[in-house]
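Reviewing the structure listed below.
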Amino acid sequence: MEYDFRNIESTVQARWKSADVYRVTEDPNRPKYYVLDMFPYPSGAGLHVGHPLGYIASDIFARYKRQQGFNVLHPMGYDSFGLPAEQYAIQTGQHPAVTTEANIARYREQLEKLGFCFDWSREVRTSDPAYYRWTQWIFAQLFDAWYDLEADRARPISELVAAFERNGNFGLQAACNEGWWKELQGHFFGSDWEGDFTATDWNSMSPALKEDVLMGFRLAYLADSEVNWCPALGTVLANDEVKDGLSERGGHPVERKRMRQWIMRISAYADRLLRGLEGLDWTDSVKEAQRNWIGRSEGALVRFPMAEGVEGDAIEVFTTRPDTLFGVSFLVLAPEHPAVDALTSAGQTHAIQSYRERAAARSERERQGDREMTGVATGGSVLHPLTGDRVPVYIADYVLAGYGTGAIMGVPAGDERDHRFAQAMGLPIPPIFIGATPDAACTDYGAVLTASGPFDGLTAREAIPRALDLLESAGVGERRVQFRLRDAVFSRQRYWGEPFPICYVDDRPQVISDVQVTLPPVDAYLPTEDGEPPLARARAADWNIFRGDRMEYNTMPGWAGSSWYFLRYMDPHNPDAFCDRSRSDYWGQVDLYIGGAEHTTGHLLYARFWTQFLYDRGFIGFQEPFQRMINQGMILGRSSFVYRIPGTSNFVTFERRNEQPTQQLHVDISLVHNDILDLDAFRAWRPEFADAQFLLNDAGQYRCGHEVEKMSKSKFNVQTPDELIARYGADTLRCYEMFLGPLTQHKPWDTQGISGVHNFLRKFARLYADPQDAAPDPEALRTLHKTIRKVTEDLDRHAFNTIISALMIGVNELTDLKVQSREILQPMALLLAPCAPHLAQVLWEAAGGTGWALDTAWPEWDEQWLTQDTTEYPVSFNGKVRFKFAAPAAWNAQEVETAVRTDERTSQQLQGASIQKVIVVPGRIINIVFAGSK
RNA sequence: GCCUGGAUGGUGGAAUGGUAGACACGACAGACUUAAAAUCUGUUGGCCCGAACGGGCCGUGCGGGUUCAAGUCCCGCUCCGGGUACCA
């Protein structure tokens with residue numbers, strides 16, 4: 001049977017399509033399995049060979065599970081809101097929806113050619129109004145919810161209102177904004193107000209004030225906050241969209257700015273997001289990255305009262321080392337700390353003022369790498385809560401306003417940074433550890449304390465719980481768990497994103513729930529002259545709905561739509577709900593999630609947050625979206641180089657490039673085969689090379705140099721799947737991408753090996769030249785069952801690369817045995833089906849199989865052909881150790897003898913030892929079990 | 001700094017503590033060809049003995065250890081990749 005892959009693949013694909021074989025429906029009688037890929041952003045460049053890597057692996061696994069009898073959900077869609085389409089729109093005026101549509105069409109075409117078993121009837125697009133309607137709905141649910149810390153779950157805001165009406169806020173534990181009560185204080189209550197209100201207070205509030213109070217509790221809330229503002233992009237960015245003070249996309253500078261924004265109270269879920277990680281089958285590194293991002297630390301809140309003569313409340317600091325309290329020699333506040341003004345003495349006003357200005361002007365980037373300690377004394381002091389000593393207060397930018405209380409206690413003997421600060425400022429370093437040098441901080445928890453009052457003679461570990469007790473009984477502090485995770489800014493000043501279902505009346509937001517708010521047409525996609533988002537350009541008449549004084553002009557960030565898409569696949573066309581509960585109960589969690597590791601913090605954290613919220617509100621029945629996750633590695637490009645003699649059109653072959661000065665130039669990899677340059681194609685490539693001359697190697701060829709780099713257009717090393725499919729077929733590409741190496745590993749793309757995989761498929765096909773109804777011989781059966789076992793085991797442990805090797809060995813052995821028996825050929829075709837589905841279908845039929853290979857049960861191996869003998873054997877020693885044993889029936893041998901050479905010492909031990917059991921396969925001792933050993 | 005993952009032939013990579021280098025690429029040799037391509041066969045970690053059949057020694061980044069047996073387990077390093085940070 002010839003391997004005419006073009007014909008095979010187009011025919012088989014057409015048959016699958018007309019039979020609609022990939023459509024899946026909920027079937028309570030069959031076990032489900034959910035295999036999900038991280039859906040792509042459809043960029044204008046189309047797919048390169050790196051994109052399908054994860055899709056191929058998930059497709060192979062989905063097909064395997066299907067053959068095992070599972071009802072497999074394996075969908076695909078597009079994360080189709082995003083910046084590139086909008087940037088393109090700004091440049092060309094082309095509506096992003098049009099560009100996006102064209103890009104999706106191209107992606108779809110490329111994906112279909114690869115023969116994936118996606119159920120395209122379930123495709124979702126985040127930019128489709130029928131989809132983002134439900135993104136808006138989830139936002140509205142978050143707006144309409146608060147977090148009950150006692151019950152540890154989200155509840156509807158109406159229940160909070162009911163509680164206020166009954167008891168005011170007495171005894172209520174709810175997640176709310178930092179300093180929220182302070183704001184209310186100025187708003188409504190007297191300045192001596194303690195933070196509680198009664199039912200009577202609540203009931204006497206105006207509706208507007210009630211709204212303002214509730215805003216502080218909502219899970220999606222409006223607040224002024226310091227945001228990362230990127231002037232070049234005209235938008236705010238989340239913390240994880242900023243790298244080194246530059247925007248992740250585009251690399252533009254980012255500055256701090258205070259703006260009124262929609263914010264998600266993800267911090268309320270910090271502890272649950274942390275605990276939920278324990279049960280997940282993710283790699284330790286991804287879990288650890290999430291843990292670091294959430295950043296839980298246990299410690300104490302300690303209050304330092306103002307020294308006499310200074311107005312204001314005590315300064316609160318957060319510390320993880322309350323045991324070092326007696327080593328405090330100063331306090332440091334973030335430059336933005338609200339108490340700075342009160343503490344600043346007349347003489348320091350100017351210095352403080354200029355330091356604050358400098359700190360505000362310095363971008364994050366400038367602070368980076370700058371390890372030098374700077375700071376200014378406020379001139380004011382606070383009192384040590386235990387000793388009553390005066391403690392001077394400084395400001396410094398190594399203390400961050402956004403973490404803890406924005407203030408720290410300085411313990412130079414016990415903290416690296418405090419030590420450096422004390423040295424830079426010439427502050428005392430009270431020794432509080434026995435035997436510690438004053439030249440460095442001692443951060444060892446096992447160090448013994450001294451000069452620390454009641455903690456003398458204790459190690460840090462022992463003293464911390466006592467310190468906490470002491471603080472609490474003295475009423476100057478309490479235990480506190482602090483998280484690094486901040487609430488997530490949810491507004492973007494962009495056009496191409498989900499519009500909020502929100503309008504404003506008297507500057508207060510109102511949810512629009514009776515009609516869907518869709519994106520209105522605008523005449524330009526830029527922000528307006530006065531810095532309003534592009535949506536402010538929409539004329540009132542253009543909105544499908546215009547309510548209140550104005551609409552919300554911001555749109556949602558990219559992660560909104562991707563935080564719940566895996567749920568929509570379960571019920572993609574439901575007009576009445578984001579996903580019917582019966583559907584999500586059937587499909588449940590994603591069993592296997594495959595995607596890049598670059599989303600470890602952002603996407604995964606947000607998706608887990610929304611899933612837990614939807615669970616709290618009873619809309620779904622599970623708390624974690626992705627049970628098992630595999631992160632595929634990046635495929636790097638292999639760039640080719642030519643070597644030009646500078647200033648000439650002469651090019652030197654790789655071997656002789658060092659004979660004279662040469663200049664290395666990227667050359668398009670399509671002009672190079674196995675490192676040999678196609679000279680005519682090179683001359684035709686660019687006009688400037690038309691009359692190129694070449695200095696060749698001894699073989700008369702021009703050899704190019706190469707290097708492994710990220711794939712990029714400018715390096716001419718992008719390999720699209722299309723040309724490889726045209727040349728070798730989709731099955732070859734699928735197998736080759738798996739064969740390249742472990743899925744999770746970064747690896748260079750190198751087409752040199754692809755012919756080996758292609759030959760393997762041809763050899764596979766040739767086996768099916770003349771299938772017979774003959775009884776197979778034992779050797780063939782051994783090969784078959786060995787292959788079944790290896791392929792099955794590799795699939796079960798997601799070792800996609802060695803599957804192909806196992807099949808190659810199987811095919812080579814069967815070819816040598818000239819196997820024609822259908823009894824062997826049929827199951828072999830089924831083993832090939834997940835990896836090379838088109839060819840497998842044709843071979844399955846050639847061997848007399850009926851129906852779809854992809855729906856035929858996965859073969860099982862029979863141990864009788866593989867058994868290893870593990871009974872006891874006589875042992876004799878005559879220079880070598882010889883073992884005789886009876887061969888298993890399947891080997892067609894009566895008795896097998898094997899000899900083992902050993903070193904002197906081992907031989908002696910073997911001679912004298914009493915051997916209980918020897919495990920042997922032909923020619924090989926697997927295990928010798930001595931009597932009495934374990 | 002911290003957290004992670006890794007280091008095996010010319011190359012990509014195999015190897016539940018049990019013949020290290022499977023499988024593949026590349027290279028070399030041979031067969032078939034007028035020739036090339038394609039295909040097929042053989043050799044291919046290093047060193048050494050042997051005319052040959054064959055045989056020996058050394059080898060998984062480095063140094064120790066556990067074990068009859070270590071690429072694999074333990075301790076201590078070196079180098080490379082990824083993530084992350086004045087987080088109190």
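The basis for the numbers below is simple: all heavy atoms, side chains too, and nothing from hydrogens, waters or symmetry mates. Sequence lines set the chain letters: A, B, ... in the order given, protein chains first and strands last, and positions in each chain run from 1.
- Rounded to whole Å, the distance from OH on A:Tyr736 to P on B:C23 is 18 Å.
- Side-chain atoms of A:Ser755 lie closest to B:C25 of the nucleotides B:C25, B:A38, B:A88.
- Between A:Glu478 and A:Arg480 there is no salt bridge, since no side-chain nitrogen of the basic residue lies less than 4.0 Å from a carboxylate oxygen of the acidic one.
- Of the P atoms belonging to B:G59 and B:U41, the separation is 35 Å, rounded to the nearest Å.
- Under the Watson-Crick or G-U wobble criterion, with both distances below 3.5 Å, B:U60 has no partner in any strand shown.
- Under the Watson-Crick or G-U wobble criterion, with both distances below 3.5 Å, B:A29 is paired with B:U41.
- Using a 90° window around 0 for the glycosidic torsion, B:G17 falls outside it and is classed as anti.
- The same atom, C1', is picked in B:G18 and in B:A69; the two are 7 Å apart, to the nearest Å.
- Both A:Asn759 and A:Asp415 lie near RNA chain B, and the one whose nearest nucleotide falls closer to the 5' end is A:Asn759.
- Pairing for B:U19 is absent, with no Watson-Crick or G-U wobble pair whose two atom distances lie under 3.5 Å.
- What separates CG of A:Asp750 from C1' of B:U11 is a distance of 8 Å, to the nearest Å.
- Residue A:Arg797 places at least one side-chain N or O closer than 4.0 Å to OP1 or OP2 of B:A15.
- The ring-ring contact (aromatic ring centres under 6.0 Å, His included) check on A:His798 picks up A:Phe61, with sequence neighbours excluded.
- Contact annotation: A:Gln745 does not reach the phosphate of B:G81 (side-chain N/O to OP1 or OP2, under 4.0 Å).
- Remark: A:Phe5 engages A:Tyr3, A:His758 in a ring-ring contact (aromatic ring centres under 6.0 Å, His included) (not counting sequence neighbours).
- In this structure, A:Phe433 has no ring-ring contact (aromatic ring centres under 6.0 Å, His included) partners at least two apart in sequence or on a different chain.
- Across all strands shown, B:G5 forms a Watson-Crick or G-U wobble pair with B:C80, both key distances being under 3.5 Å.
- Rounded to whole Å, the separation between the P atoms of B:U72 and B:G9 comes to 15 Å.
- Atom C1' of nucleotide B:A88 and atom CG of A:Asp397 are separated by 15 Å, given to the nearest angstrom.
- Using P as the reference atom, B:C49 and B:G12 are 32 Å apart when rounded to the nearest Å.
- For the side chain to side chain contact (heavy atoms under 4.5 Å, CB included) test, residues two or more places apart in sequence or in another chain that qualify with A:Asn292 are A:Glu288.
- With B:A88, B:G12, B:C86 as the choices, the nucleotide that has an atom nearest any side-chain atom of A:Val399 turns out to be B:A88.
- When the C1' atom is compared between B:U39 and B:C47, the two are found 36 Å apart, to the nearest whole Å.
- Stacking of A:Arg321 on the aromatic ring of A:Tyr445 is recorded, both the 6.0 Å distance cut-off and the 45° axial limit being met.
- Rounded to whole angstrom, the span from the NZ atom of A:Lys763 across to the C1' atom of B:A38 amounts to 15 Å.
- With both pairing distances under 3.5 Å, B:A85 is matched to nothing as a Watson-Crick or G-U wobble pair.
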Any N/O pairs under 3.5 Å between the protein and nucleotides 1-4 of chain B? List them or say none.
from : atom 1 : to       : atom 2 : distance (Å)
B:U4 : O2'    : A:Ser285 : OG     : 3.4

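- Residues meeting the side-chain hydrogen bond (donor to acceptor under 3.5 Å, both in side chains) test with A:Arg479, sequence neighbours left out: A:Asp469, A:Glu472.
- Across the protein-nucleic acid pair, A:Gln752 atom CD and B:A24 atom C1' stand 12 Å apart, rounded to whole Å.
- Remark: A:Phe483 engages no residue in a ring-ring contact (aromatic ring centres under 6.0 Å, His included) (not counting sequence neighbours).
- Whole-Å rounding puts the A:Asn631 CG to B:G82 C1' distance at 11 Å.
- We find that CD of A:Glu416 is positioned 19 Å from P of B:A85, with the value rounded to whole Å.
- The ring pair (Phe, Tyr, Trp, His ring centres under 6.0 Å) test with A:Tyr736 singles out one residue from A:Phe800, A:Trp749, A:Tyr728, A:Phe760, and that residue is A:Trp749.
- Between A:Tyr394 and A:Phe421, the ring centre distance stays below 6.0 Å.
- With both ends at atom P, the span from B:A70 to B:C58 equals 13 Å, rounded to whole Å.
- Under the Watson-Crick and G-U wobble criteria, each requiring two contacts below 3.5 Å, nucleotide B:G71 is left unpaired.
- Within residues 800-813 of chain A, the residues that place at least one heavy atom under 4.0 Å from RNA chain B are, in residue-number order, A:Asn801, A:Thr802, A:Ser805, A:Met808, A:Ile809, A:Asn812.
- Taking 4.0 angstrom as the limit, A:Arg766 places a side-chain polar atom (N or O) nearer than this to OP1 or OP2 of B:C40.
- When the C1' atom is used for both B:A20 and B:A15, the distance is 7 Å, rounded to whole Å.
- Residue contacts for A:Pro748: at a heavy-atom cut-off of 4.0 Å it reaches no nucleic acid atom on any strand shown.
- Across every strand in view, B:C53 sits unpaired, with no contact that passes the Watson-Crick or G-U test at under 3.5 angstrom.
- Taking the side chain to side chain contact (heavy atoms under 4.5 Å, CB included) definition, one finds that A:Asn631 meets it with A:Thr283, A:Val286, A:Ala597, A:Met629, sequence neighbours left out.
- Remark: P of B:G6 and CG of A:Leu636 are 18 Å apart, rounded to the nearest angstrom.
- Taking atom P on both B:A52 and B:U44, the two are 15 Å apart, rounded to the nearest angstrom.
- Ring-plane geometry between A:Phe764 and A:Tyr768 is classed as parallel, the angle between the planes falling under 30 degrees on a 0 to 90 degree scale with a further cut at 60.
- The residue among A:Pro742 and A:Val757 whose nearest nucleotide of RNA chain B is located toward the 5' end is A:Pro742.
- Nucleotide B:A36 forms a pair with no other nucleotide shown, judged by Watson-Crick or G-U wobble geometry with both contacts under 3.5 Å.
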